Enquirer: 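Below is one structure. I have some questions about it.
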Amino acid sequence: MRNPRDFLKPLANGAPAPLLDVPATPSRMIHFFDPSNEKMAAKVPDIAQKADVVLGNLEDGVPADRKEAARAGLVSIANSLDPSATLWTRVNSLESPWVLDDITAAVLEAGDKIDVIMLPKVEGPWDIHYADRLIAQLEAKAGLDRPILIHAILETALGMANVEEIASASPRMQGISLGPADLAASRRMKTTRVGGGHPGYRVIDDPDPANPEAPRATAQQDPWHYTLARMVDACTATGILPYYGPYGDIKDVDGCEAQFRAAFLLGCVGTWSLHPVQIGIAKKVFSPDPDEVAFAKKVIEAIPDGRGVHMIDGKMQDDATWKQAQVMVTLARSLAERDPELAEAYGL
Ligand SMILES: CC(C)(COP(=O)(O)OP(=O)(O)OC[C@H]1O[C@@H](n2cnc3c(N)ncnc32)[C@H](O)[C@@H]1OP(=O)(O)O)[C@@H](O)C(=O)NCCC(=O)NCCSC(=O)C[C@H](O)C(=O)O
Ligand SMILES: [Mg+2]
């Protein structure tokens, strides 16, 4: 049990007070780069102008002999990046030999530049409690005046079983992403991919009794549907933000767009981009369609108080569709405030 009156008190003397609400700044794409890769790092200042979030990755994808270079690269980029950019980091997992130094360097050497620390392979609220206290101690030592938030990656079966407790473990929680590659391995799924569908995971029509030999229609299904839907509920119920995650087949831009769109429609606010080509896909998918926004505005204008039943363009609208329209227009407004092109497209 935790005393609810203590929930918004800092976990270390001198650390900043926890936030009541997760900041609502756009995070449609969290763009991953390896800070130890000079070619990639050189592109970050430019990419930071296009991507909502840039993330210096210290975990998987960075070879063991470059972990220290990646950590040093993160600190250097943090301290030279344009202050208008939003910078996150993904540290190594909590059982690794690198994580203590990762978190210490991120908070003490770049804590005023890094908004969110992504924790991989979170299995339960105990992982969040550990990182929560450690970050508070380091924030106090660094004299920070705003808290660094935690983003958990859901990538083990145990983490999945505890997703609601992870989401509600601390006011420091910002959001949760799906880690489909590690989760597939943990669940013993028989795949060798990073996210997306699989040609073998499908449904097929029943045979036609009048013509049993006729070809039967069949369609691929989304193996991440249950996981994403449960994650979205856990996040939304606790006031934090849900994200899809990585799509590893960089050349399959259509598959990437379809996976991102499925996540967007289910309630995710953003995704990861692993390659510059995925930034534009994420921007397109996670910014609502102008026609949908126009219809949502029409519903709100036609039902100013959100009450009663109405027919608009041949479709029944009531209190519940009015609320959906509010979700759409609120998102469009928050994006339009920062993006003149979208403001024009939405007429806002
Ligand atoms: C996937 C990549 C290895 C592909 O890299 P590459 O083969 O070099 O692609 P290109 O030749 O098309 O690159 C063109 C130029 O763009 C630069 N580049 C590539 N990716 C990035 C990037 N992410 N940020 C900045 N710049 C980038 C290249 O350097 C080329 O530059 P130039 O030669 O000067 O023209 C590569 O994209 C990559 O490594 N991406 C990041 C991968 C990553 O972060 N992986 C970890 C996250 S996914 C994960 O962890 C799984 C998850 O946890 C789970 O469990 O599911
Ligand atoms: Mg992973």
Side-chain angles (χ1 to χ4, degrees), residues 29-64 66-67 69-71 73-74 77 81 85-96 98-99 102 117-123 127 151-160 163 166 175-189 191-198 223-224 227-228 231 242-253 255-256 259-260 263 268 270-283:
M29 70 299 290
I30 302 161
H31 181 76
F32 273 57
F33 68 93
D34 171 354
S36 77
N37 178 323
E38 283 175 17
K39 263 184 11 185
M40 262 194 215
K43 293 191 164 55
V44 170
D46 183 41
I47 286 179
Q49 304 300 313
K50 301 179 192 127
D52 292 339
V53 177
V54 286
L55 177 145
N57 175 34
L58 308 181
E59 200 225 7
D60 294 356
V62 178
R66 294 218 312 257
K67 293 289 186 190
R71 196 185 297 137
L74 170 74
I77 287 170
L81 204 57
T86 304
L87 178 68
W88 296 12
T89 186
R90 177 172 79 168
V91 295
N92 284 283
S93 59
L94 292 176
E95 77 282 4
S96 76
W98 304 291
V99 64
D102 290 347
I117 292 180
M118 196 181 260
L119 282 186
K121 303 175 179 73
V122 171
E123 304 234 86
D127 286 337
H151 181 111
I153 317 180
L154 202 54
E155 42 190 359
T156 68
L158 185 56
M160 191 65 224
V163 64
I166 292 169
I176 301 182
S177 288
L178 167 67
D182 272 299
L183 185 55
S186 168
R187 282 178 171 161
R188 301 195 194 107
M189 290 166 67
T191 55
T192 52
R193 308 170 163 224
V194 181
H198 190 286
W224 304 110
T227 308
L228 279 177
M231 186 188 83
Y243 296 79
Y244 167 65
Y247 190 87
D249 191 345
I250 308 292
K251 297 223 173 322
D252 182 8
V253 290
C256 178
Q259 182 69 75
F260 286 1
C268 289
T271 187
W272 303 1
S273 59
L274 302 183
H275 184 280
V277 76
Q278 293 183 341
I279 296 173
I281 303 173
K283 182 172 177 188

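Fair warning: this is a prediction, and the values are worked out from it, not measured in the lab. Both ligands and their constituent atoms are indexed starting at 1 by order of listing. Because only heavy atoms are used, hydrogens play no part in the values below, and waters and symmetry mates are left out as well, while side chains stay in.
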Enquirer: Distance alone, cut at 3.5 Å: any donor-acceptor contact between the side chains of Arg90 and Ser177?
Expert: no
Enquirer: Is Glu38 atom CD crowded by more than 12 heavy atoms from other residues, nucleotides or ligands, each under 6.0 Å away?
Expert: no
Enquirer: Any atoms of ligand 1 less than 4.0 Å from a non-hydrogen atom of Asn57? List them with their elements.
Expert: 44 (O), 46 (C)
Enquirer: Verify the contact flag for atom 6 (P) of ligand 1, where contact means a protein heavy atom under 4.0 Å away.
Expert: no
Enquirer: Is the shortest distance from atom 38 (C) of ligand 1 to a protein heavy atom below 4.0 Å?
Expert: yes
Enquirer: Within a distance under 4.0 Å of any heavy atom of Leu274, pick out the atoms of ligand 1 and give their elements.
Expert: 20 (N), 22 (C), 23 (N), 37 (O), 38 (C), 40 (N), 41 (C), 47 (C), 48 (S)
Enquirer: Distance below 4.0 Å between atom 11 (O) of ligand 1 and any protein heavy atom?
Expert: no
Enquirer: With heavy-atom distances below 4.0 Å as the criterion, list the atoms of ligand 1 near Asp60.
Expert: 46 (C)
Enquirer: If you take the nearest heavy atom of each of Lys39, Lys43, Glu155, Glu59, which one is closest to atom 16 (O) of ligand 1?
Expert: Lys43
Enquirer: Do Ile153 and Val122 touch side chain to side chain, with heavy atoms closer than 4.5 Å?
Expert: no
Enquirer: Where is the nearest protein heavy atom to atom 9 (O) of ligand 1: which residue, which atom, and how far?
Expert: His275 NE2, 3.5 Å
Enquirer: Check whether any heavy atom of Pro180 sits under 4.0 Å from an atom of ligand 1.
Expert: yes
Enquirer: With the threshold set strictly below 4.0 angstrom, can you tell me whether any protein non-hydrogen atom sits that near atom 2 (C) of ligand 1?
Expert: no
Enquirer: So if I apply the side-chain hydrogen bond (donor to acceptor under 3.5 Å, both in side chains) rule between Arg187 and each of Asp182, Thr156, Thr227, which one comes out positive?
Expert: Thr227
Enquirer: Output, by chain and residue number, all protein N/O/S atoms separated from the Mg ion (ligand 2) by less than 2.8 Å.
Expert: Glu155 OE1, Asp182 OD2
Enquirer: With no hydrogens and no angle check, is any side-chain donor or acceptor of Arg193 less than 3.5 Å from a backbone partner on Gly197?
Expert: yes
Enquirer: Search all heavy atoms of Thr271 against all heavy atoms of Ala282 and return the closest pair with its distance.
Expert: CG2-CB, 3.7 Å
Enquirer: Test your reading of the model: is there a side-chain donor-acceptor pair from Gln278 to the backbone of Tyr247, 3.5 Å cut-off?
Expert: yes
Enquirer: Distance to 0.1 Å, residue and atom name: give those for the protein heavy atom nearest to atom 22 (C) of ligand 1.
Expert: His31 NE2, 3.4 Å
Enquirer: Would you mind listing which atoms of ligand 1 come within a distance below 4.0 Å of any non-hydrogen atom of Gly179?
Expert: 54 (C), 55 (O), 56 (O)
Enquirer: Taking C-beta and beyond as the side chain, do Trp98 and Leu58 meet within less than 4.5 Å on heavy atoms?
Expert: no
Enquirer: If you define the side chain from C-beta out and look only at heavy atoms, does anything of Tyr244 sit under 4.5 Å from Pro180?
Expert: yes
Enquirer: Nearest heavy atom to atom 27 (C) of ligand 1: which of Met40, Glu38, Lys121 does it belong to?
Expert: Met40
Enquirer: Quick one: look up the protein heavy atom nearest atom 53 (O) of ligand 1 and list residue, atom name and how far away it is.
Expert: Arg90 NH1, 3.1 Å
Enquirer: Might you point out which heavy atoms bring Pro276 and His31 nearest each other, and give the distance in Å?
Expert: N-CE1, 3.8 Å
Enquirer: Within a distance under 4.0 Å of any heavy atom of Pro276, pick out the atoms of ligand 1 and give their elements.
Expert: 18 (N), 19 (C), 20 (N), 21 (C), 22 (C), 27 (C)
Enquirer: Where is the nearest protein heavy atom to atom 56 (O) of ligand 1: which residue, which atom, and how far?
Expert: Ala181 N, 2.7 Å
Enquirer: Which pair of heavy atoms, one from Ala48 and one from Ala85, lies closest together, and at what distance?
Expert: CB-CB, 3.8 Å
Enquirer: How far is atom 44 (O) of ligand 1 from its nearest protein heavy atom, and which residue and atom name does that atom have?
Expert: Phe32 CB, 3.5 Å
Enquirer: Is there side-chain contact between Asp34 and Asn57, with at least one heavy-atom pair below 4.5 Å?
Expert: no
Enquirer: Among the heavy atoms of Pro246, does any lie under 4.0 Å from an atom of ligand 1?
Expert: yes
Enquirer: Which pair of heavy atoms, one from Ile77 and one from Val44, lies closest together, and at what distance?
Expert: CG2-CG1, 4.2 Å
Enquirer: If you measure from each non-hydrogen atom of Gln278 to ligand 1, which part falls under 4.0 Å: side chain, backbone, both or neither?
Expert: neither
Enquirer: Report the member of Leu55, Ile30, Ile47 with the shortest heavy-atom distance to atom 25 (C) of ligand 1.
Expert: Ile47
Enquirer: Are the charged groups of Lys121 and Glu59 less than 4.0 angstrom apart, N to O?
Expert: yes
Enquirer: What class does the angle between the rings of Tyr243 and Trp88 fall in, given that below 30° is parallel, 30 to 60° is tilted and above 60° is perpendicular?
Expert: perpendicular
Enquirer: Between Asp102 (side chain only) and Asn92 (backbone N and O only), is there a donor and an acceptor less than 3.5 Å apart?
Expert: yes
